[in-house]
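A short write-up of the structure that comes next.
Everything numeric here is computed off the predicted structure, so don't read it as measured data.
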Amino acid sequence: RRFDFELLRRLTNSDEATFLQQIKELITIQLVVEESADLFAFRHALTRAALYADLLARERRRLHGAIAATLEAIANERGSAALEVWAADLAHHCFEAGDWERAAQFARRAAAYARRLYAPAAAAEQLTRAIEATRALGQAVPADLLRMRGDMHDTLGAADAALADYRAALKADAGFELAREIHK
């Protein structure tokens with residue numbers, strides 16, 4: 001729903017003056033509102049949803065990839081703190097772009113950040129994204145991801161989900177130990 005001025009300016013390859021004029025036009029026709037000097041938002045979530053729905057799946061995937069690359073470049077310019085704060089957005093865009101490896105990497109980072117902020121629901125969401133991205137890569141899900149998500153489910157009081165994750169983690173550990181025994 002919200003977007004960063006610099007991110008969108010770079011994605012549209014516009015100079016600042018031209019882009020400011022375009023943003024003013026969007027504000028005038030009441031599609032967008034200014035939240036701060038660097039942050040804008042769609043006035044209504046349905047406007048964003050309608051625009052998004054008009055895109056073809058291939059087009060959405062390409063745009064998510066471009067957003068992820070541009071967002072990562074801006075975050076790297078602003079420093080590691082920005083990369084950490086934007087890790088959840090990066091995980092989302094990489095995931096939607098089908099960039100599974102980077103999606104898993106950023107989702108792990110976003111989960112760690114959410115855990116430090118004591119936001120277990122956000123951490124569980126990011127861990128789920130990391131697990132799904134790992135599976136999309138055709139890799140076995142590491143037990144530590146399952147245990148961490150189990151911990152977040154436990155914190156949230158979702159006992160059944162926590163138990164399922166803990167069991168899957170034990171199974172993943174057992175599979176690892178078996179593979180290690182075979183290779184001895």
Legend entry - Point-to-point distance, once rounded to the nearest 0.5 Å, from CG of Leu71 to CG of Leu90: 4.5 Å
Legend entry - Flag, side chain of Glu25 to backbone of Gln22, donor-acceptor distance under 3.5 Å: no
Inset, instruction - Find the distance between CZ (Phe3) and CG (Leu39) and round it off to the nearest 0.5 Å. - result: 8.0 Å
Inset, instruction - Check the pair Glu77 / Arg10 against salt bridge (charged side-chain N to carboxylate O under 4.0 Å, His left out), numbers first and verdict last. - result: CA-CA 13 Å; Glu77 290 168 13; Arg10 287 189 192 187; 2.6 Å; yes
Inset, instruction - Taking all heavy atoms of Ala91 and all of Gln126, pick out the closest pair and write down the distance. - result: CB-OE1, 3.5 Å
Legend entry - Heavy-atom pair of closest approach, residues Ala82 and Ala75: CB-O, 3.9 Å
Legend entry - Closest approach of Ala123 to Ala114 (non-hydrogen atoms, all atoms of both residues): N-CB, 3.6 Å
Legend entry - Euclidean distance, Leu31 CG relative to Phe40 CZ, rounded to 0.5 Å: 13.5 Å
Legend entry - Transitive ILVMFWY side-chain link Leu145 to Tyr113, under 4.5 Å: no
Inset, instruction - Could you tell me which residues satisfy side chain to side chain donor-acceptor pair (under 3.5 Å) with Asp160, sequence neighbours excluded, listed by chain and number? - result: none
Inset, instruction - Determine, for Glu6 against Arg9, whether the closest basic-nitrogen to carboxylate-oxygen distance falls under 4.0 angstrom. - result: yes
Legend entry - Minimal non-hydrogen separation, Pro142 against Thr134, with atom names: CD-CG2, 4.1 Å
Legend entry - Note: Asp173-Arg147 ion pair, threshold 4.0 Å (strictly below): yes
Inset, instruction - Give a yes or no on whether Ile29 and Leu51 share a hydrophobic cluster (residues Ile, Leu, Val, Met, Phe, Trp, Tyr; joining criterion: side-chain heavy atoms under 4.5 Å apart). - result: yes
Inset, instruction - Start with the C-alpha gap between Met152 and Arg115, add the side-chain angles, then the distance that decides, and say whether side-chain contact (heavy atoms from CB on, under 4.5 Å) holds. - result: CA-CA 8 Å; Met152 295 303 100; Arg115 288 175 69 202; 3.7 Å; yes
Inset, instruction - Answer yes if Leu117 and Trp86 sit in the same cluster of Ile, Leu, Val, Met, Phe, Trp and Tyr residues linked by side chain heavy atoms under 4.5 Å apart, and no otherwise. - result: yes
Legend entry - Single-linkage hydrophobic cluster, 4.5 Å side-chain cutoff, Leu156 and Leu163 together: no
Legend entry - Any residue meeting salt bridge (charged side-chain N to carboxylate O under 4.0 Å, His left out) with Asp4, in chain and number order, not counting sequence neighbours: Arg78
Legend entry - Asp154: side chain to side chain contact (heavy atoms under 4.5 Å, CB included) partners, not counting sequence neighbours: Ala162, Tyr166
Inset, instruction - Check for a donor-acceptor pair, side chain of Thr12 on one end and backbone N or O of Leu8 on the other, with a separation under 3.5 Å. - result: yes
Inset, instruction - Please lay out, stage by stage, how Glu96 and Arg61 fare under the test salt bridge (charged side-chain N to carboxylate O under 4.0 Å, His left out). - result: CA-CA 6 Å; Glu96 293 299 322; Arg61 192 172 55 239; over 6 Å; no
Inset, instruction - Measure from the side-chain N and O atoms of Arg60 to the backbone N and O of Leu55, and report whether any donor-acceptor pair falls under 3.5 Å. - result: yes
Legend entry - Salt bridge Arg108-Asp144, side-chain N to carboxylate O under 4.0 Å: yes
Legend entry - Identified side-chain contact (heavy atoms from CB on, under 4.5 Å) counterpart of Phe106 within the set Glu72, His93, Glu101: Glu72
Legend entry - Side chain to side chain, Leu83 and Asn76, heavy atoms closer than 4.5 Å: yes
Legend entry - Path from Leu137 to Ile131 over hydrophobic side-chain contacts below 4.5 Å: no
Legend entry - Rounded distance [0.5 Å steps], CG in Leu26 versus CZ in Phe42: 8.0 Å
Inset, instruction - Kindly assign one of parallel, tilted or perpendicular to the pair Phe95 and Trp100, based on the angle between their ring planes and the thresholds 30° and 60°. - result: perpendicular
Inset, instruction - Report the C-alpha distance between Asp99 and Arg102 in whole Å, list the side-chain angles of each, state the deciding distance to 0.1 Å, and finish with yes or no for salt bridge (charged side-chain N to carboxylate O under 4.0 Å, His left out). - result: CA-CA 6 Å; Asp99 186 348; Arg102 290 178 65 230; 3.0 Å; yes
Legend entry - Nearest-0.5 Å distance, NE2 of residue His153 to CG of residue Leu127: 8.5 Å
Legend entry - Nearest non-hydrogen partners of Ser80 and Arg109, listed with the distance: O-NH2, 4.0 Å
Legend entry - Nearest-0.5 Å distance that lies between atom CZ in Arg62 and atom CG in Leu56: 10.5 Å
Legend entry - Ala143 versus Ala172, closest heavy-atom pair with distance: CB-CB, 4.0 Å
